[in-house]
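Inspection log for the structure reproduced underneath, given as structure tokens.
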Amino acid sequence: MREVLGIIMLVPQGLVPLVLMALDVDSKSWFVVMHLPPWAQLPAALGFTVVGAVLTVSGIRAERGR
């Protein structure tokens, strides 16, 4: 379950908003980060990416350990 939440945080809430910000696309859609004030978008996207990666890796390691 951890890896599922991690992948959701990593890809659609972290990496995709980073790409959208880099391309200067003004589409909020369902990306949480894009609804934040402009000064908070980059730190939030990086935070989602880091936490998502940690959850994904720890979830995969926990599954392999079983």
Side-chain angles (χ1 to χ4, degrees):
M1 184 66 176
R2 248 184 297 188
E3 61 272 9
V4 173
L5 181 60
I7 290 169
I8 291 171
M9 290 179 74
L10 176 63
V11 179
Q13 298 302 330
L15 295 177
V16 173
L18 285 173
V19 171
L20 292 177
M21 285 186 279
L23 297 175
D24 200 29
V25 175
D26 189 29
S27 171
K28 294 187 183 208
S29 187
W30 67 285
F31 305 113
V32 174
V33 171
M34 303 305 276
H35 290 277
L36 296 174
W39 60 268
Q41 290 178 352
L42 182 60
L46 294 174
F48 269 113
T49 303
V50 170
V51 172
V54 168
L55 283 173
T56 303
V57 170
S58 68
I60 291 171
R61 285 187 179 173
E63 288 295 321
R64 285 186 183 169
R66 290 185 187 182

Using a 3.5 Å cut-off and no angle test, enumerate the donor-acceptor pairs between side-chain atoms of residues 15-30 and protein atoms at least two apart in sequence or in another chain.
none

For residues 40-47, run the donor-acceptor check on the side chains, cut-off 3.5 Å, and write out each pair with its distance to 0.1 Å, sequence neighbours left out.
unit_1	atom_1	unit_2	atom_2	d
Q41	NE2	M34	O	3.4
Q41	NE2	L36	O	3.1

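Annotation for A62 and R2: closest pair CB-NH2, 3.2 Å, computed over non-hydrogen atoms.
Between the side chain of Q13 and the backbone N or O of I8, no donor-acceptor pair lies under 3.5 Å.
Distance check: R61 CZ to T56 OG1 gives 12.0 Å after rounding to the nearest 0.5 Å.
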Quick one: do M9 and L55 satisfy side chain to side chain contact (heavy atoms under 4.5 Å, CB included)? Show the steps, please.
CA-CA 9 Å; M9 290 179 74; L55 283 173; 3.7 Å; yes
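For the pair F48/V33, a side-chain contact is recorded, criterion being any heavy-atom separation below 4.5 Å from C-beta on.
Grouping Ile, Leu, Val, Met, Phe, Trp and Tyr residues whose side-chain heavy atoms lie under 4.5 Å apart, directly or via other members, leaves I60 alone, with no other cluster members.
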